[in-house]
Amino acid sequence: MDKLLITGGKRLSGDIAISGAKNAALPILCAGLLTADTLHLSNVPNLKDVATMLSLLRQMGMRTEQDDDRLALSGRSIDKLEAPYEMVKTMRASILVLGPLVARFGEARVSLPGGCAIGSRPVDQHIRGLRAMGAEITIEGGYIHARAKKLRGARIVTDMITVTGTENLLMAATLAEGQTVLENAAREPEVTDLANLLVAMGAKIDGIGTDRLVVQGVDQLHGAAHTVIADRIETGTFLCAVAAVGGDVTLKNTRTDILDVALDKLREAGVILTSGDDWIRVQMAARPKAVSFRTTEYPGFPTDMQAQFMALNCIAEGGSRVTETIFENRFMHVQEMNRLGAAIGIEGHTAIISGVDKLVGAPVMATDLRASASLVIAALAAEGETLIDRIYHLDRGYDRMEQKLSAVGADIRRVR
Ligand code: EPU
C-alpha cells in the first residue's frame, strides 16, 4: 500500500495548475446516461473516483474515449441497468446513476451504499424524490430497484439540503413528463455545473444556482461539449498548505467566486490573496492566526475544507472552535493531528483547538479523503518526517497531489 513521506518546514513557491472538480465530474459522467448522443468533456480530473465511475459506466455499456483531460462518452449502447455492490461500496457517488437510468430506461438496480467513514449518509431523499415522480421503488437484498414507465414531474421538498440528492433528482426531472420543482435544492457550484451541462444537452431548467430548480421535462436530450468547473476544494487545500507553511504560490485555472467564505477565513488568518479571472496568488510570511467557523451548505463554509483549516489552526496563534454540521463523524483527523503534537479536544460536534508553536512529524493514518489532505498540510508544517499511511483515500480525490506540491518545493515522496 502506498504511503507518503513528508519532511516538513519547506516554504512553498511557484505555480500550481488546479484540476477539474471531482464532485462536478462525477455527476457529469452520469449525465452521459441520459442521451444516446456523445458528450465531449474537458478538464476531467485524473482521479481514482473518476476511473471507478468510468468503469461502472462501461460495465453498463457506455463507450468512453479518453485523451488526457478530455473524455468522450457515448450512451448509445447502454444495456445493463445495474450498479453492483462491489462498485457502490467503494464509491458512494455511484448512486448518481439511479436518476438518469430510471428517467431514460424506466428501470435501475443500484446497490444501497453502506456506512461511510464520515457518517451514516443515507440516500432516503433520492428515493423519496423518485417515488414522488412516480417511480415504484423496492429495496431488496441490499439493492434499490426502481421502475417507472415514464417519470412524471412533481414538487419535491427535500428534508435537508443534499448535493447528490439534488443532482440525481435534477437529472431524472430533465426527462420526466411535465414540470418538476425541486425546493431546498443544493446550490453548490458543482450542482450548477451539472445544470449548465444539462441545459447544453437540451434540458429546460430555471433557477440554476438557487435553492429552487424548476425543470420542464423534454422527450430526449442530445450531445454537448462541456468543460468541468475548477475544483474549489483542491484550490482551498493548496491555499491552506501555503497558509500553514508560508510561501508565495499562484494557483492557475481556478476562480475566487466559488470559494468566498474560505477566502475570507484565510484573510482573517493573515494570508495575502490577490486574484485575476482564472488565478489566485497566495502569500504568507507570518504565523497564521486562528480562525473559528461552522460548516454549512454552500455558500457557507464547506465541510470538505473543515479538516484542512483545522491543520492550519493547529499551528496558529490563538485558539479556535470548529463546528461540523453536515456530517456526524468528520473529526477522524483529530486523533492523528494530536499524534503530531496538536492540542485539539472534541465536545460534541465542535473541535476546540489551541494553537501550538510547532508540530513534530510522526507516522499517521489517513481515514478519508479530506482527512488525508489535512494530514498532508499538517506534515508540511511539522518539524521532521511524517509518514502518512492509507493514502489511497487521497488518490480518490486529488489529481497528482504530491507532484504538484513537490513542484513548488515541498519535500514529499510516495513510498511503496
Ligand atoms: N442526507 C440524508 N439523506 C439523503 C441525503 C443526504 O440524510 O438522502 C444527509 C447526509 O447524511 C449528510 C447531509 O444530508 O448528513 C448532506 O449530505 P449530501 O447528500 O449533501 O452529501 P453527498 O451528496 O453524499 C456531496 C459530496 C461530498 C460533500 C457533501 C457535502 C459528491 C460526490 N460528494 O456528498 O464530498 O462532502 O456533498 O457538501 O458530490 C468529498 O469530496 O470529500 C466529499 C465527501
Side-chain angles (χ1 to χ4, degrees), residues 19-31 45 47-50 52-53 56 88 90-99 110 112-132 137 139 144 156-171 182 184-194 211 228-229 231-237 258-259 261-262 295-308 324-330 332-333 349 366-374 393-399 401:
S19 300
K22 167 179 83 84
N23 290 347
L26 296 174
I28 281 174
L29 295 182
C30 296
L47 305 171
K48 183 77 179 59
D49 272 7
V50 167
T52 306
M53 186 62 90
L56 171 63
V88 181
T90 64
M91 191 182 62
R92 304 177 54 81
S94 315
I95 190 75
L96 286 164
V97 303
L98 181 64
V110 177
L112 266 175
C116 166
I118 61 177
S120 60
R121 298 180 79 181
V123 290
D124 54 306
Q125 302 302 311
H126 305 230
I127 294 171
R128 230 185 100 231
L130 287 173
R131 277 194 176 130
I137 301 187
I139 301 195
I144 306 166
I156 300 166
V157 189
T158 47
D159 290 357
M160 81 284 296
I161 300 174
T162 154
V163 175
T164 49
T166 301
E167 293 164 345
N168 233 340
L169 299 175
L170 177 64
M171 287 191 279
L182 298 177
N184 209 17
R187 288 183 284 163
E188 268 64 7
E190 294 74 23
V191 178
T192 296
D193 202 35
L194 169 69
D211 60 0
V228 177
I229 193 179
D231 197 316
R232 65 193 164 106
I233 308 300
E234 187 196 21
T235 304
T237 301
I258 46 182
L259 266 163
V261 183
T295 62
T296 51
E297 295 87 0
Y298 191 84
F301 191 98
T303 172
D304 290 345
M305 285 302 307
Q306 178 253 106
Q308 301 88 316
E324 171 61 50
T325 74
I326 307 290
F327 292 112
E328 68 262 31
N329 193 26
R330 213 174 195 182
M332 309 255 283
H333 41 283
H349 294 294
T367 48
D368 67 75
L369 172 57
R370 307 305 171 186
S372 318
S374 73
H393 291 294
L394 200 69
D395 295 330
R396 290 186 54 179
Y398 286 91
D399 187 350
M401 187 190 233

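Computed from a predicted model, the values in this text were never measured in an experiment. Heavy-atom basis, side chains included; hydrogens, waters and symmetry copies ignored. Just so you know, ligand 1 is whichever comes first in the structure, and atom 1 is the first atom listed for that ligand.
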Apply salt bridge (Lys or Arg N to Asp or Glu O under 4.0 Å) to the pair D304 and R330, showing each step before the final yes or no.
CA-CA 10 Å; D304 290 345; R330 213 174 195 182; 2.7 Å; yes
Option passing side-chain hydrogen bond (donor to acceptor under 3.5 Å, both in side chains) with Y398 (candidates R370, K22, K48)
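Only one of R370, K22, K48 forms a side-chain hydrogen bond (donor to acceptor under 3.5 Å, both in side chains) with Y398, namely R370.
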For [X] against [Y], the heavy-atom pair lying closest together:
{"X": "L169", "Y": "L130", "result": "CD2-N, 3.6 Å"}
{"X": "C30", "Y": "V97", "result": "SG-CG1, 3.9 Å"}
{"X": "V123", "Y": "I144", "result": "CG2-CD1, 4.2 Å"}
{"X": "A307", "Y": "S374", "result": "O-CB, 3.1 Å"}
{"X": "A24", "Y": "I229", "result": "CB-CG2, 3.7 Å"}

If I apply the N/O under 3.5 Å rule, does F327 come out as touching ligand 1?
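Looking only at distances, the answer is no, because the N/O contact criterion of under 3.5 Å is not met.
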Examine ligand 1 and decide if any of its atoms is less than 4.0 Å from a heavy atom belonging to [X].
{"X": "M91", "value": "no"}
{"X": "R92", "value": "no"}
{"X": "G165", "value": "no"}

Check each heavy atom of [X] against ligand 1 and say whether those closer than 4.0 Å belong to the side chain, the backbone, both or neither.
{"X": "K22", "result": "side chain"}
{"X": "T162", "result": "both"}
{"X": "R370", "result": "side chain"}
{"X": "Q125", "result": "both"}
{"X": "D304", "result": "side chain"}
{"X": "E234", "result": "neither"}

List ligand 1 atoms under 4.0 Å from [X], heavy atoms only on the residue side.
{"X": "V123", "value": "4 (C), 8 (O)"}
{"X": "T303", "value": "30 (C), 36 (O), 38 (O)"}
{"X": "V163", "value": "18 (P), 19 (O), 20 (O), 23 (O), 25 (C), 37 (O), 38 (O)"}

So, the side chain of D211 versus the backbone of R187: is there a donor-acceptor pair under 3.5 Å, distance only?
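No, the answer is negative, given that no donor and acceptor are paired below the 3.5 Å cut-off.
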Judged by atom type as modelled, is there a donor-acceptor pair below 3.5 Å linking the side chain of S372 to the main-chain atoms of H393?
no
Only heavy atoms count here, so choose which of N329, I326, T164 is nearest to atom 15 (O) of ligand 1.
I326
To check your reading of the model: name the closest protein heavy atom to [atom], its residue, and the distance in Å.
{"atom": "atom 44 (C) of ligand 1", "value": "R330 NH2, 3.4 Å"}
{"atom": "atom 24 (O) of ligand 1", "value": "R121 NH2, 3.0 Å"}
{"atom": "atom 26 (C) of ligand 1", "value": "N23 ND2, 3.5 Å"}

Evaluation steps, salt bridge (Lys or Arg N to Asp or Glu O under 4.0 Å), between R232 and E190
CA-CA 9 Å; R232 65 193 164 106; E190 294 74 23; 2.8 Å; yes
